[in-house]
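Predicted, not measured: the structure shown is a model, and the values here were computed from it.
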Amino acid sequence: MDKVNKKRGFFLFEFLIILSIILLIFSFGYIRILKVKEEKDLEKAVLVISKTLEEYSTNSLLTTIKYKIRLEYNNNKIEIQKKSENKMLEEIIQLPNKLKYRIPYTINSNLKLLDSMEVETTINGNLSDSFTTYILDYSGNIKYRVAVYSFQENKLVKINIYKKISGKKISEDKLLDYHQRLFEEEELGNDWRKW
């Protein structure tokens with residue numbers, strides 16, 4: 001009788017060890033899958049934002065039709081509307097939901113953090129305003145920066161994309177300070193790589 005109980009106890013112990021090893025392997029796999037999905041979402045967001053701005057500014061150049069582009073980052077979407085009497089939406093583009101998008105923007109000499117903005121295309125293939133969109137990962141840390149330049153109205157829009165590759169993690173609450181320091185402190189520029 002004691003041998004049977006000992007065998008049962010030993011079997012249960014073996015079973016628990018095997019189960020814990022299997023769960024450990026699955027947890028590592030699950031974490032890896034989440035990381036891959038997050039990176040795909042980040043890359044998709046970068047491409048959607050940059051390609052949408054490029055496409056509609058180019059369309060304006062080719063067709064002389066102006067568009068309003070509403071970056072509704074608070075709702076994870078971009079709305080495009082022809083700037084004409086019929087206020088119909090041209091297109092609504094969804095952005096990945098788990099990410100956050102923020103725009104540091106100066107209003108009345110005060111730098112503010114926006115989660116929505118409206119720009120217009122010009123018939124010269126440019127945009128009405130320059131701005132930077134920061135894309136934050138699932139944890140709320142900066143991962144990408146999409147910088148949109150419209151310096152000269154008669155030039156095509158210029159978009160640069162940067163990926164954060166080093167340095168401290170920067171969360172949303174530190175974004176404004178970091179954005180200001182980014183152009184003042186040379187070493188912070190080393191945190192980024194042009195994508």
Stepwise salt bridge (Lys or Arg N to Asp or Glu O under 4.0 Å) test for K51 and E54
CA-CA 5 Å; K51 294 301 177 197; E54 285 175 354; 3.6 Å; yes

Would you give the length of the straight line joining atom NZ of K83 to atom NZ of K66, rounded to the nearest 0.5 angstrom?
5.0 Å

Do the charged groups of E120 and K68 touch, with an N to O distance under 4.0 Å?
no

Would you say L99 ends up clustered with Y73 if hydrophobic residues are merged whenever their side chains have heavy atoms under 4.5 Å apart, either directly or through other cluster members?
yes

How close do S50 and I159 get, counting heavy atoms only, and between which atoms?
O-CD1, 3.6 Å

State the CD-NE2 distance between E184 and H179, to the nearest 0.5 angstrom.
10.0 Å

Do M117 and L127 share a hydrophobic cluster (ILVMFWY, side-chain heavy atoms under 4.5 Å, transitive)?
yes

We want to know whether E90 and Y56 form a side-chain donor-acceptor pair, criterion being a heavy-atom distance below 3.5 angstrom.
no

Scan the side chains in residues 170-178 for donor-acceptor partners under 3.5 Å anywhere in the protein, sequence neighbours excluded, and list what turns up.
| unit_1 | atom_1 | unit_2 | atom_2 | d |
| --- | --- | --- | --- | --- |
| S171 | OG | D173 | OD1 | 2.3 |
| E172 | OE1 | K100 | NZ | 3.1 |
| E172 | OE2 | R102 | NE | 2.7 |
| E172 | OE2 | R102 | NH2 | 3.3 |
| D177 | OD2 | R181 | NH1 | 3.0 |
| Y178 | OH | D191 | OD2 | 3.2 |
| Y178 | OH | W192 | NE1 | 2.9 |

Is E118 reaching over with its side chain to a backbone N or O of I69, donor-acceptor style, under 3.5 angstrom?
no

Would you kindly confirm whether L95 and Y134 end up in one hydrophobic cluster when ILVMFWY residues are joined by side chain heavy atoms under 4.5 Å apart?
no

Side-chain donor/acceptor of N124 to backbone N/O of N126, under 3.5 Å:
no

Report the C-alpha distance between L156 and L61 in whole Å, list the side-chain angles of each, state the deciding distance to 0.1 Å, and finish with yes or no for side chain to side chain contact (heavy atoms under 4.5 Å, CB included).
CA-CA 8 Å; L156 290 173; L61 176 66; 3.5 Å; yes

Note: K163-E39 ion pair, threshold 4.0 Å (strictly below):
yes

Sequence-distant partners of I65, side-chain contact (heavy atoms from CB on, under 4.5 Å), two or more places apart:
T63, Y67, K82

Test side chain to side chain contact (heavy atoms under 4.5 Å, CB included) on E55 and T52; report intermediate values, then the result.
CA-CA 5 Å; E55 177 185 339; T52 300; 5.7 Å; no

Sequence neighbours excluded, the answer for side-chain contact (heavy atoms from CB on, under 4.5 Å) partners of S116 is E72, N74

Looking at E38 and Y138, would you say the former's side chain and the latter's main chain have a donor-acceptor pair under 3.5 Å?
yes

Side-chain heavy atoms of V148 within contact of T132, under 4.5 Å
no

Would you find more than 12 non-hydrogen atoms of other residues, nucleotides or ligands less than 6.0 Å from E186 atom CD?
no

Provide the closest heavy-atom pair for N76 versus Y101 in the form atom of the first, atom of the second, distance.
OD1-CE1, 3.3 Å

Test of understanding: clusters of I, L, V, M, F, W, Y form through side-chain heavy atoms closer than 4.5 Å, transitively. Do I135 and I165 belong to the same one?
no

I'd like to know if the side chain of S150 pairs up with that of S130 as donor and acceptor (distance under 3.5 Å, no hydrogens or angles considered).
yes

Beyond-backbone contact of P104 with L111, side-chain heavy atoms, under 4.5 angstrom:
yes

Test L42 against Y144 for side chain to side chain contact (heavy atoms under 4.5 Å, CB included), laying out the working first.
CA-CA 8 Å; L42 286 163; Y144 284 90; 3.6 Å; yes

Please identify each residue that fulfils salt bridge (charged side-chain N to carboxylate O under 4.0 Å, His left out) with R193, with sequence neighbours left out.
none

Is there a path of hydrophobic side-chain contacts, each under 4.5 Å between heavy atoms of I, L, V, M, F, W or Y residues, that connects V119 with I161?
yes

Tell me the closest heavy-atom pair linking V157 and Y149, and the distance in Å.
CG2-O, 3.7 Å

Keeping to residues at least two apart or across chains, list the side chain to side chain donor-acceptor pair (under 3.5 Å) pairs with something in residues 19-37.
K37-D41

Is L113 close to Y105 at the side-chain level, that is, under 4.5 Å between some pair of heavy atoms?
no

Do the side chains of I92 and I78 get nearer than 4.5 Å, heavy atoms only?
no

The salt bridge (charged side-chain N to carboxylate O under 4.0 Å, His left out) partners of K169 (sequence neighbours excluded) come to none

